[in-house]
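A short write-up of the structure that comes next.
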Protein chains: 4
Amino acid sequence: MIRVDLNADLGEGFGAYSICNEEELIPLLTSANIACGFHAGDPNIMRRVTQLCADNNVGIGAHPGFPDLMGFGRRFMQCKDEELENYLYYQIGALEAFAKMVGKKIQHCNTHGAWGNWLEKDLEYSRKYVRALAKYDKNIIVKAIAGGYRQQAAQELGLRVASEFFADRQLQNDGRLVPRSVPGSVIHDKDLIVERVLRAVLEGKVTSFEGVDLSVKVDTILTHGDTPGSIEIVRSIREALTQHGVIITKMEDFI
Amino acid sequence: MIRVDLNADLGEGFGAYSICNEEELIPLLTSANIACGFHAGDPNIMRRVTQLCADNNVGIGAHPGFPDLMGFGRRFMQCKDEELENYLYYQIGALEAFAKMVGKKIQHCNTHGAWGNWLEKDLEYSRKYVRALAKYDKNIIVKAIAGGYRQQAAQELGLRVASEFFADRQLQNDGRLVPRSVPGSVIHDKDLIVERVLRAVLEGKVTSFEGVDLSVKVDTILTHGDTPGSIEIVRSIREALTQHGVIITKMEDFI
Amino acid sequence: MIRVDLNADLGEGFGAYSICNEEELIPLLTSANIACGFHAGDPNIMRRVTQLCADNNVGIGAHPGFPDLMGFGRRFMQCKDEELENYLYYQIGALEAFAKMVGKKIQHCNTHGAWGNWLEKDLEYSRKYVRALAKYDKNIIVKAIAGGYRQQAAQELGLRVASEFFADRQLQNDGRLVPRSVPGSVIHDKDLIVERVLRAVLEGKVTSFEGVDLSVKVDTILTHGDTPGSIEIVRSIREALTQHGVIITKMEDFI
Amino acid sequence: MIRVDLNADLGEGFGAYSICNEEELIPLLTSANIACGFHAGDPNIMRRVTQLCADNNVGIGAHPGFPDLMGFGRRFMQCKDEELENYLYYQIGALEAFAKMVGKKIQHCNTHGAWGNWLEKDLEYSRKYVRALAKYDKNIIVKAIAGGYRQQAAQELGLRVASEFFADRQLQNDGRLVPRSVPGSVIHDKDLIVERVLRAVLEGKVTSFEGVDLSVKVDTILTHGDTPGSIEIVRSIREALTQHGVIITKMEDFI
């Protein structure tokens, strides 16, 4: 019996701004990465989205970012280790309050944008991050890109790790993402995305950008909800997995 | 045996800014109202201040404010009930994370500045606030000005309430604060402040601005730490109370 | 020969957020109210939008708001007169820099959301606003709702005023807007909107919500660009006015 | 006749926060670097400080920073060239409005903190900066550390440049600043500071940290006002220069 989780970034609006139809997307997911007010998100959105997650049995995950709403957390900021630790706790704590209001706990955590990229640059950065997270709560699942430093650091520390597969991104031969700046690195064809997901989940295999077969462990699949087309892709992934007998369920059920 | 708590607003710096010497003040207090990042405060400051509180056996309290750093939470913002609820949860949750890192829970809550003033304008506003707080955690003590609507609302709901006496503020005959805009409403004379505190704590009596004797219940005394002089006043209050046999201890020990 | 200006609020995105397709809307307008970074807007958006205005011969107007991105400037904040003056200068100055980069000056100014509503509550508030604006630059046109206090205050001071007609809003018998909270106060029917605009521009008449005929002076028509439907309405208004021989041109050309 | 300008960073408070007594410092200066609301500063402070500058015949300079109030603009943010240009224009424009209200123009510009450090890392970065500034206004003086890339880039473009000497910082043999992280890099001794300033201004010479004599061009001296001691140092520098016949006057008077 194969189990897999479907996740997406949610709650990334702010005030009057919205960039995802959470009402439509959440019922298709099993886990949600919820912005916590630094790179995006605000208390009203966090309340609404955690309620939607509870209503749809979707795992509540923290998606902390750099304190840079203007840059959407996508640009690097040179922060000290201690600052990053404190930004992590502040954002997790804020989300934890909303999780508590719907009778839940935080299931998982993964950092957003430039923070995430930075952690994958150096095993030592990743170690500091997972150590900080474990000091807060050892039970929170570390969601981490398959084969990256965060995954390694979390395993070293004996934490629960969800190995993540990016449904629409090409991989290098070393298993890392082909940068977005490279043409063709992001896959837009729905059928190709579904086919890659199926092979990754069922066979643990994916073809690299250069055509080499790679092994990949897939606990959770990153999807998107910021365009009508992306929601259609999530629907197709769900259907294809279900038809192949895969159980789609939130990560804490099997990790 | 009379017990009383000494509290002050803390952690109200932001980034490079500081407005209180917490290292000097916290050892003199038994409870701290800690800014949570909206009207003031940031994750680094919250981490430092909660650690100082734990080190000095000082109760950790949330001091949530309006989302208005530029106005320091001192000016009214027309927020919806639901927004206020969400701003409350976000800020309490963020502080709770730092309390957790030092092995503590949030002891009490009181809103800052314009938010606090607004709650005291109408019993119904106060009821909504204490109901929201109780939905989050029934055990958090409501710190509320003696004789005000928040105190009444919290008592109606059966919550723990700390009745607060403002060491340096004149009262009207109805027990409410004389507005700051009225000349003489703020007391600067150290001896007079100490004398008023002693009488309020030992006899439950205070003289109003117009010279009438009022009854007052004092669980906690609001002090200040934003000037060297104010810290000296806290020291004098402590000494005077101790000399009169009053036990100075954090509010959760006796409420 | 009748002349009229078509305006809309623009540049109200922030960072990764967008709420209007300016590329599509601006060619249909003759004046733009550009957010200046407080309630919405950021330097990148301001640069792009002022360039689009210059490219399309659209008048550049400042649309300053309260410093409340989370509330999109729609909720009242209790600011002092001096603060409002300073918020006005800061935002106008910032926009002026971008206007300068495309060889233009600021054509007009109108305050956004709750600030605008507040000015219309009291003639004295409006007087302070227009006086502050005139101290900065006497030549900036005051865009003001027809028949309101700002219009009156600007006329008293001898400033240039653009009397504004809201294409899609019902009016009370006294000429003021029916509040949005009243069902039916916002008109969504394109044909009705076009018909009302034509009558207002050609005959200076509009029917109030209660069916009374009112006189109205129309220098500029407020349109919207935040939905595909709203852009279609602007197109229809343009066509209808042009077919009736009205010259659509930016306000500084005739005020 | 030797002329020199005395400058300092000002207006770096925010809302209720203050870090410099501008009322005391400004009368001692001839030029002010005024924060523009991104790393510090707000409209109220900018209004007050520009008025003080006008009252004391002090040149008004823009001190734009990264959009990072929490980090006080001291940490690097990976911004695109276009973003930096727009952040520059926005902040200069905002300050220009306040300068205009006191009948002045912006005299000079220098970027704050991490932005400044970044510009000095690469001549190309500095070229982009001075080109952006010149596109806005060719007459604004580029204040730049003596011997750095910004100075070079501004000279290449034929702009007015004020060569800056840091009164309290040690220099490497190549003329660049010894990093703050190096013990002894910041000079605290008043007499030594005054002695170095005198030699630099009168002889164009300064001794490097390693004891080598360097030539230095001094148009303006950077002082500080964030501690009582630092204001005392400015006073001593003024007196010593005046006693040696140096004319202390704002940079636009002689550059």
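As the structure is a computational prediction, the values presented were derived from the model and not from experiment. Order of the sequence lines sets the chain letters (A, B, ...), proteins ahead of strands, with each chain counted from 1.
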Determine whether Asp137(B) and Lys100(A) make a side-chain contact, defined as any pair of heavy atoms from C-beta on separated by less than 4.5 Å.
-> yes

Heavy-atom pair with the smallest gap, counting every atom of Met101(A) and Tyr89(B) | CE-OH, 3.4 Å

Does NZ in Lys105(A) sit with more than 12 non-hydrogen atoms of other residues, nucleotides or ligands closer than 6.0 Å?
-> no

Taking atom NZ of Lys80(B) as the centre, does the number of heavy atoms from other residues, nucleotides or ligands within less than 6.0 Å exceed 12?
-> no

Residue pair Asn44(A) / Glu83(B), side-chain heavy-atom distance below 4.5 Å = yes

Which heavy atom of Ala97(B) sits nearest a heavy atom of Gly93(A), and at what distance?
-> CB-CA, 3.6 Å

Residue pair Glu96(B) / Glu96(A), side-chain heavy-atom distance below 4.5 Å | no

Between Tyr90(B) and Phe98(A), what is the ring plane arrangement, given parallel below 30°, perpendicular above 60°, and tilted in between?
-> tilted

So, are Glu82(A) and Arg47(B) salt-bridged, with charged N and O less than 4.0 Å apart?
-> no

